[in-house]
Amino acid sequence: MTDTLPSRTADLPAQWNPGEVEAGMYQRWVEAGYFTADASSDKPSFSNVIPPPNVTGSLHIGHAFEHTLIDVLVRRRRMQGYETLWLPGMDHASIAVHALVERALAAEGTSRREMGREAFVERTWQWKAEHGGKILDQMRRLGDSVDWSRERFTMDEGLSRAVGTIFKRLYDDGLIYRAERMVNWSPEMRSVLSDVEVEHREVEGELVSIRYGDGDDSVVVATTRVETMLGDTAIAVHPDDERYTHLVGREIELPLVGRMIKVVADEHVDPSFGTGAVKVTPAHDPNDFEIGRRHDLPMPSIMDESGRIANTGTEFDGMDRFEARVAVREALAAQGRIVAEKRPYLHSVGHATRGSKEPIEPRLSLQWFVKVAPLAKAAGDAVRDGRVAVHPKELEPRWFGWVDNMHDWTISRQLWWGHRIPVWYGPDGEMVCVGPDEEPPAGWTQDEDVLDTWFSSALWPFSTLGWPDETPDLAKFYPTSVLVTGYDILFFWVARMMMFGLYAMQDRGPENAIPFHTIALHGMVRDQFGKKMSKSSGNSVDPLEWMDRYGTDALRFALARGANPGTDVPIGEDAVQASRNFGTKLWNATRFALTNGASPALPLPAAPTDADRWILGRLREVREQTDALLEDFQFAKAVEGLYHFTWDELCDWYVELAKVQLRDEATADGTRAVLGHVLDALLRLLHPVIPFLTEALWQGLTGRESVVVADWPVDAGVSTDAAATARVLDVQRLVTEVRRFRTEQRVPDSRRIAARLVGLDEAGLGAHRAAVGSLVRLDPPGAQFAPTASFEVGLAGGTVHVEIDTSGAIDVAAERARLARDLAAAQKELDQADKKLGNPKFVEKAPADVVDGIRSRRAAAAADIDRIEARLAALPAS
RNA sequence: GGGCGCGUAGCUCAGCGGAAGAGCACUCGGCUUACACCCGAGCGGUCGCAGGUUCGAACCCUGCCGCGCCCA
């Protein structure tokens, strides 16, 4: 009886109302200091940095996904006794912020150039204070167990110092250089972009064929960017192309401009494309630039930084590039020089992925670069020699494909929001790189440009820990343990973090220079049909809405449950709802347990029942499996396993069996202990995934402070009992068969019917008579028991003969149909087994255990057939 | 054009050499004293196609068809 154990259900509301509880619960966790790391701790460390979100950003489903995975890892390690640090923060998103602030300025009728650098930067800080960092509050709603006391921003003083320090080192080592190169230019931002900030897309343009020169000395070339002809300095043909041999070395007049340009022979020209002759604009096309270098051609720039035609001395000067494209074509047409036009013509054009999204313009420009070859090689080697693991391993080729073929990285940006390049120029063109503690020579001027945001993000795993100073944090938490991020941005900051980490920390030796031991890659969140989410297709979702509707835990559970390593995660509202339902199920099961006096504080029974032994054994297996899967970043399988255990085993079977055991004084206390013990462990195992719900339930169950800082479940010394498990499985099989019979015979679920179970003792299930009766609502046979139907159920322990009084005639046709289905299944089984066993090569070559398995399956099938046929024969004719 | 990957139940996906699985959806029956956000029972698949290896192939190999992504 429950007399000695006060019911604690009173502590637990009948329903879980996440919206009312989550925020307060999170605040308590933060105030209790659970998430604050201690660098002086003796515990082993588990640290990771959040891949810094953009200061302009707000939480989207991809963040929710990534943060859920990280939080699962972090919360588990915390419970396992690690000194955990999950460090939050943001990057300053130079281009995105510029786009925002400049748009606001334009609306006010001014511009950054008008207001000047200092005022602009001030204005931008103000913008950040007012609007930046929405995502940080949203992280609180998600339950991220981050250490807010260590929050960082890439423009913080300390992090800026790190930027200056590494720039100086790289510069002094010759790994940063300034050069005039063909770059991706954004006329709208008036800045260069790096290769990874440009995305090539197929667009409909035009292909215009133009005749240069006249008569026998003329050549036809084709282009999609007609306006660039103003900057042509040559025509190139393949050296073996006999059509043009007579022209090579001669000069042809460039239409509209009047300049004489050379015809050059170059191996890289594809003679089969178009006319086999190409116009060469060295200052405005990467391929042409290379041709220009090989043939020492002039490289006049014909466009200014905002994409307007300039310095051609033609009427087109001052026109925008797209305007000029039309005007130049029309002018050429007027001269009869247009030979052909294809429109629309599908071709690939680079577009800015940040800020403006406009087509980028290849442009010759003086910029700062990082010489990546040695750094990228080190980044590749770290994975090659196993110092850094990539999970899942299948994505390693993607990593190598990138770092082994990396181009030099353009790090200067013609922007003001960011870290200004620490190079100063003297009056006579001298140049000096000034370190953080150094003073520039008087009268010298600093480079105008700022650094790419990723230059500072690349330092994130150590700049946030205090580098370049040798801080306790750095000593304790670097290298970080794992970087969880999407495979789609492996090239963005992950590669850069690796390069800079290995470089900056090289004094620590190869093992300890790495920024993280493991790169765990996840996929992208897609809609429920597997389609990419995007604003334009209208299928993107707001995670906050789902959190409002179903609670944070439901969202986290749904996301984690879909997280197979490195693959995309389709998710729809259905999945979130199903996860909410799971939480409710767990809630109700715990309430049931509490109502019945369950407690983990009770001693496990000295003489556990089969059901006790079974569920404790299963708990052990599930715990071990969960551990193994989480160690391998297999979130989906881990969560799925816990879902199955909770719902299909604990709730569907153990709780139902427990109801019987609780009615019996001999087993009641043991059941309370087992229920309490299993739920205690289960709630801990689930806590990293659904922190809020488990906290409420666990506190209710244990009366203790918080599951956040509870110990991760370990071996309780209970091993799986094979015999007890077999008996429980037999009970399940028997119960299911009787339920099936009841359903087919249309006996209402609520109606209790009398039945006799013959052979139960012989099958080893004597102790489960009451349980079976309870689970299928059977009454013991009374004095007047007169069965109207009977059937046999073959179990591992023996055959049980079920006699049932259905209080009337049975539906013979339904029973016959049921038996026929069973017979067909058994017959198929028998045939398959016979076929295998009839093959001498199978018996000879297959492993003995496989052959034995088939033999016993055959025997079982044969027995089933005999039984079913006998039963069919005994049925009255219908 | 080069590389990587994927085609398994209506949908989304596990399984990757020895009895075809899950969630959701669907059908039928149930307010059975934790839970109708639930319970019980069910329906549903020549595992893209064609060859090959093997005693045995959804799983390994080859080719083809279809679909993604990354890099040119």
### Message
Between B:G52 and B:G15, how many Å separate the two C1' atoms, rounded to a whole number?
### Response
24 Å
### Task
Check every strand shown and say whether A:Ser348 touches a base, only sugar-phosphate, or nothing at a heavy-atom separation below 4.0 Å.
nothing
#### Entry: Nearest-Å distance for atom pair NZ/C1', residues A:Lys836 and B:A19
7 Å
### Message
Any heavy-atom pair between the side chains of A:Asp669 and A:Leu602 that's under 4.5 Å?
### Response
no
#### Entry: Between P of B:A41 and CZ of A:Arg740, the distance in whole Å
10 Å
### Query
Between A:Arg225 and A:Asp285, is there a side-chain N and carboxylate O pair less than 4.0 Å apart?
yes
#### Entry: Identified pairing partner of B:C6, criterion: Watson-Crick or G-U wobble below 3.5 Å
B:G66
### Message
Between B:C69 and B:C11, how far apart are the two C1' atoms, rounded to whole Å?
### Response
22 Å
### Message
Using a 4.0 Å heavy-atom cut-off, does A:Arg751 contact any base of the nucleic acid, only the sugar-phosphate backbone, or nothing at all?
### Response
nothing
### Task
Could you give the distance separating B:A22 and B:C28 at their C1' atoms, to the nearest angstrom?
22 Å
### Message
Does A:Val655 reach a base, just sugar-phosphate, or nothing at all? Heavy atoms under 4.0 Å.
### Response
base
### Query
Contact class for A:Trp399 vs. all strands (heavy atom < 4.0 Å): base, sugar-phosphate, or nothing?
nothing
Under 3.5 Å, which protein N or O atoms sit close to an N or O of nucleotides 30-32 of chain B? Give each pair with its distance.
from, atom 1, to, atom 2, distance (Å)
B:U32, O2', A:Arg777, NH1, 3.3

Check the interface with nucleotides 9-15 of chain B: list each N/O to N/O pair with the protein under 3.5 Å, or write none.
from, atom 1, to, atom 2, distance (Å)
B:U12, OP1, A:Phe529, O, 3.4

### Message
Applying a 4.0 Å non-hydrogen cut-off, can you work out what A:Glu640 is touching in the nucleic acid: base, sugar-phosphate, or nothing?
### Response
sugar-phosphate
### Task
Determine the Euclidean distance between corresponding C1' atoms of B:C70 and B:U12; express it in Å to zero decimal places.
24 Å
### Task
Look at the rings of A:Trp587 and A:Trp16 and say which category their plane angle falls in: under 30° parallel, 30 to 60° tilted, over 60° perpendicular.
tilted
### Presence of salt bridge, A:Glu829 and A:Arg858, under 4.0 angstrom
no
### Query
With no hydrogens and no angle check, is any side-chain donor or acceptor of A:Thr646 less than 3.5 Å from a backbone partner on A:Leu642?
yes
### Query
Looking only at side chains, do A:Thr671 and A:Gln661 share a donor and an acceptor under 3.5 Å apart?
yes
### Query
What integer number of Å spans the P atoms of B:A50 and B:U8?
16 Å
### Task
Would you kindly give the CG-to-P distance between A:Asn405 and B:A72, to the nearest whole Å?
9 Å
### Query
Across the strands shown, which category fits A:Arg580 at heavy-atom distances under 4.0 angstrom: base, sugar-phosphate, nothing?
base
### Task
Looking at every strand, decide which applies to A:Pro840 at a 4.0 Å heavy-atom threshold: base, sugar-phosphate, or nothing.
nothing
#### Entry: Base B:A19 paired with A:Arg857 side chain (donor-acceptor, <3.5 Å)
yes
### Message
Heavy atoms only, 4.0 Å cut-off, all strands: where does A:Glu656 land among base, sugar-phosphate and nothing?
### Response
base
### Message
Nearest whole Å is fine: how far is B:C39 P from A:Phe582 CZ?
### Response
12 Å
### Message
Which heavy atom of A:Ala379 sits nearest to which heavy atom of A:Met498, and what is that distance?
### Response
O-CE, 3.5 Å
### Query
A:Arg561 near the nucleic acid: base, sugar-phosphate alone, or nothing, with a heavy-atom cut-off under 4.0 Å?
sugar-phosphate
### Task
Identify the residue among A:Arg816, A:Arg740, A:Arg871, A:Lys828 that makes a salt bridge (Lys or Arg N to Asp or Glu O under 4.0 Å) with A:Asp822.
A:Arg740
### Message
Using a heavy-atom cut-off of 4.0 Å across all strands, would you classify A:Glu396 as base, sugar-phosphate, or nothing?
### Response
nothing
### Message
Given B:G18, B:A34, B:C38, identify the nucleotide with an atom nearest to the side chain of A:Lys659.
### Response
B:A34
### Task
Taking only the side-chain heavy atoms of A:Trp402 (C-beta and beyond), determine which of B:C37, B:A19, B:C71 contains the nearest atom.
B:C71
### Rounded distance (Å) that lies between atom P of B:C24 and atom CZ of A:Phe557
11 Å
### Query
Between B:C43 and B:A25, how far is it from one C1' atom to the other, in whole Å?
12 Å
### Task
Kindly indicate whether the side chain of A:Arg398 and the base of B:C4 share any N or O donor-acceptor pair separated by less than 3.5 Å?
no
### Task
Let me know the distance between CZ of A:Phe400 and C1' of B:G3, rounded to the nearest Å.
15 Å
### Query
Is there side-chain contact between A:Trp409 and A:Arg496, with heavy atoms separated by less than 4.5 Å?
yes
## Note on the structure
Rounded to whole Å, the CG-P distance (A:Leu12 to B:A34) equals 15 Å
### Task
Taking atom C1' in both B:U27 and B:C71, compute the distance separating them and give it to the nearest angstrom.
50 Å
### Query
So, does A:Asp811 use its side chain to make a donor-acceptor pair with the main chain of A:Gln745 at under 3.5 Å?
no
### Message
Can you confirm whether or not the ring centre of A:Phe65 sits under 6.0 Å from the ring centre of A:His522?
### Response
yes
